[in-house]
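Presented below is the structure to which this report refers.
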Amino acid sequence: MKYNTVVIGGGLGGLVAGAMLTKFGKKVLLLEQHHKPGGCATTFKRGDFIIEVGLHEMCGLEKEGAIKQIFNMLEINQQVELLQVPELYAVLSDKEKFVFPHSYEAASKALIDKYPEDEKGIKRLMKLLAGIRREGIKLPHTPLKRKLMYPFMPLLYPTLVEASRHTVGSWFDKYITNENAKLDLLAHIVYWGDDPYTLSMFYYGLPFSSFIGTGGYFIKGGSQQLSNQLASYIEKQGGCVLLGKKAEKIVTKNDRVTGVTFRDSFNKSSEAVTIACDNVVANCAIPIVPDMLDEPHATSLRKQIADKTNACSLLNIYLGFKSDLETYGVKHYSNSIKGDDVKTLKDIHPNNTGDWSKRSFVFVDYNKVDAQLAPSGKSVGVICCADYLKDWDELSKEDYKAKKEEVAQILLGRLEKQFPGIRESIEYYEVATSKTIERFTSNTAGSVYGFAQSKQQSGLKRFRNNFLISNLYFASAWAFPGGGFEGSMMAGFLAALQMNRDKIWSECDDAKYVDQRIVPLSGRKKIDEKTLELSFEKPAGFQHQKGQYAILNIKKPKITELDLPYRWLPVVSSPEDAILRFNIPQDNSSFQKSCDLLKVGEKALIFGPMG
């Protein structure tokens, strides 16, 4: 059995790369360690709520832009609905409010009306941002063209050259005088990094210009809709998406990649499997790749990344509310609450690394659009701020849990201060730290943005998709162009284009990996009014003990409203039985209704055993 490409990681970069390659007619196998595709572009269910993991608002949706082209080519538009948020963000304080609108004209007017003394600098900024976007999307994709064009960069890309010479802090300090104007413009800096004096002006400008010019968007039903559609496209085109499979080794011979070895993430007794391939796409974090490689490649990569710094991580408090939040004075989709000690641009980084009682944060109210994350009358929101693994990594399990609760109470108290009465509406909250992100995505230090977007690590200085082994490609937030939804998808798109041009292909057989965890329903029985028992054929190699559980994922759920197609369930059958039995609570959820409609012979994917 052989594949043209094995993609390691099912984040957006890996999904787009895999989908594009299948569109080009390549035989693709994608491996994702989690039980769902998407990386940070995922959702999970808590009670009545669908919780969005990572998306607040995405950019890059210009009419003729690359993301729109990707969506058209991969049939995303047929299944995924994009919702424009009402405005970019609102900056809130005890004294005043500044609302940052969409469009260059409206944004310029709002900023100049508030800061007339900085009219010249604001206009210069808007011109710079528009130029960064215009020139940035025209950068040459191939190494040869980039090399030939380099001497002419100041002439062909003058705005990019100016931006690449500055950090955000150095540019703002040079052209804008009012510190409050600078802070309003950087109210969402945590979406890029944590320090304006290390953040590249080029990288800041590329997405920010799109947010201003075209607006920010949320995906109806959550970002899992996008990830699922990309995974479905790969399979529809004849590729294979294996969830719950973790790559352990990239096999090399004579300085070329020849295969990938992987193992089941949930079944610890499973055997390792090696699949031969023409090439590999590493969608995983670059710092974990050396451990998968043989020498000399492992040492070579370690040396190349040794001096690289990682971006900050994020802390999220996911929130489910009993009511609409307009009652408590929440007027805007994205609300920036600045720390009391942030008076100038130089205060931002100390604040982001400082005390939780003062740390700046963003609060998103998803109900300001038709997000479809909560039932009518209820709401979903999130508190988001900068976070660092070093603050959590050495804590014991008990201390970690206690600190999460302490931080939650501090930030919820500050949310209550900004929106009096809002705490009485909280039905659910849950804290996700940098440690959580590292656990679920394997991003080193929980850095969702990969290597920090400093002047030294952004733009043309960032790792390109192919720099180590001729047929090993990188497509993630850690490579060019960088993190965020747009950046990650572009990384996958650019890698696939480069691979399609390169002569790295050979004939493949028709054999495909058969996922033996996908099994048919063999029986059903109503235990009582509150419980339905489903029986499935036992997957090969599934050896459980009493008290263990598994994830039951219905392959083609018939009802999906406000739900996800899986549950973590105890295995109620005995280890000696030839079948697996699960009890499905009759809780009126869409998952329960889909289970009720499941017919004998219809299939589910079973992960486990665990516990």
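Residue indices begin at 1 and follow the sequence shown.
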Check whether the ring centres of H34 and F440 lie less than 6.0 Å apart, and answer yes or no.
yes
Ring centres under 6.0 angstrom apart (Y400, W392)
yes
Donor-acceptor contact below 3.5 Å, side chain S458 vs main chain Y203:
no
Would you check, one step at a time, whether the test ring-ring contact (aromatic ring centres under 6.0 Å, His included) holds for F474 with W478?
CA-CA 8 Å; F474 294 86; W478 298 82; over 10 Å; no
Stepwise, does the ring-ring contact (aromatic ring centres under 6.0 Å, His included) test hold for Y333 with F363?
CA-CA 8 Å; Y333 176 86; F363 173 66; 9.9 Å; no
Quick check: does any side chain N or O of Y115 sit under 3.5 Å from a backbone N or O of T177, one acting as donor and the other as acceptor?
no
Let me confirm one number: the CZ-CZ distance from F463 to F480, rounded to the nearest 0.5 Å.
14.0 Å
Pair D365 + K368, salt bridge at N-O below 4.0 Å
yes
Taking the basic N atoms (NZ, or NE/NH1/NH2) and the acidic carboxylate oxygens, is any pair closer than 4.0 Å for R359 and D341?
no
Report the distance from atom CG of N443 to atom CD of E438, rounding to the nearest 0.5 Å.
8.5 Å
Can you tell whether the side chains of R133 and E62 come within less than 4.0 Å, N to carboxylate O?
yes
For the student: nearest non-hydrogen atoms of Q33 and R439, plus distance
NE2-O, 4.4 Å
So, the side chain of S360 versus the backbone of K338: is there a donor-acceptor pair under 3.5 Å, distance only?
no
Output yes when a side-chain donor or acceptor of S488 lies under 3.5 Å from a complementary backbone atom of G484, and no otherwise.
yes
Under 30°, 30 to 60°, or over 60°: which ring-plane class applies to W192 and F208, parallel, tilted or perpendicular?
perpendicular
Salt-bridged, K343 to E179, with N to O below 4.0 Å?
no
Donor-acceptor pair, distance only, cut-off 3.5 Å: does the side chain of N283 make one with the backbone of A475?
yes
S227 side chain to A41 main-chain N or O, any donor-acceptor pair under 3.5 Å?
yes
Could E405 and K401 be called an ion pair, given the rule that one side-chain N must be under 4.0 Å from one carboxylate O?
no
K403, NZ atom: more than 12 neighbouring heavy atoms under 6.0 Å
yes
K358 atom NZ: more than 12 heavy-atom contacts under 6.0 Å
no
Between the side chains of D340 and R414, is the shortest nitrogen-to-carboxylate-oxygen separation below 4.0 Å, so that they form an ion pair?
no
Side-chain donor or acceptor of S336 paired with backbone N/O of A187 under 3.5 Å:
yes
Between Y191 and H56, does the ring centre distance come in under 6.0 Å?
yes
Tell me whether the rings of F44 and Y318 are parallel (<30°), tilted (30 to 60°) or perpendicular (>60°).
perpendicular
For the side chain of D194 and the backbone of C312, is there at least one donor-acceptor N/O pair under 3.5 Å apart?
no
Mark yes or no for whether E57, through its side chain, and F218, through its backbone, hold a donor-acceptor pair below 3.5 Å.
no
Quick one: does Q453's side chain have a donor or acceptor within less than 3.5 Å of a partner on S200's backbone?
no
If you count every heavy atom of other residues, nucleotides or ligands that lies below 6.0 Å from R302 atom CZ, does the total exceed 12?
yes
Please evaluate residues I8 and V281 with respect to the criterion side-chain contact (heavy atoms from CB on, under 4.5 Å), reporting the C-alpha separation (whole Å), side-chain torsions for both, the decisive distance (0.1 Å), and the verdict.
CA-CA 6 Å; I8 300 174; V281 175; over 6 Å; no
Between E162 and R124, is there a side-chain N and carboxylate O pair less than 4.0 Å apart?
yes
Does a side chain donor of either H166 or K174 reach within less than 3.5 Å of an acceptor in the other side chain?
no
Where is the tightest heavy-atom contact between L395 and K435, given as atom of each residue plus distance?
O-NZ, 4.2 Å
Using 4.0 Å as the upper bound for N to carboxylate O, is an ion pair formed by K378 and D324?
no
About how many Å separate CD1 of I426 and CG of L412, when rounded to the nearest 0.5 Å?
4.5 Å
Which atom of K182 lies closest to which atom of L345, heavy atoms considered
CB-CD1, 3.7 Å
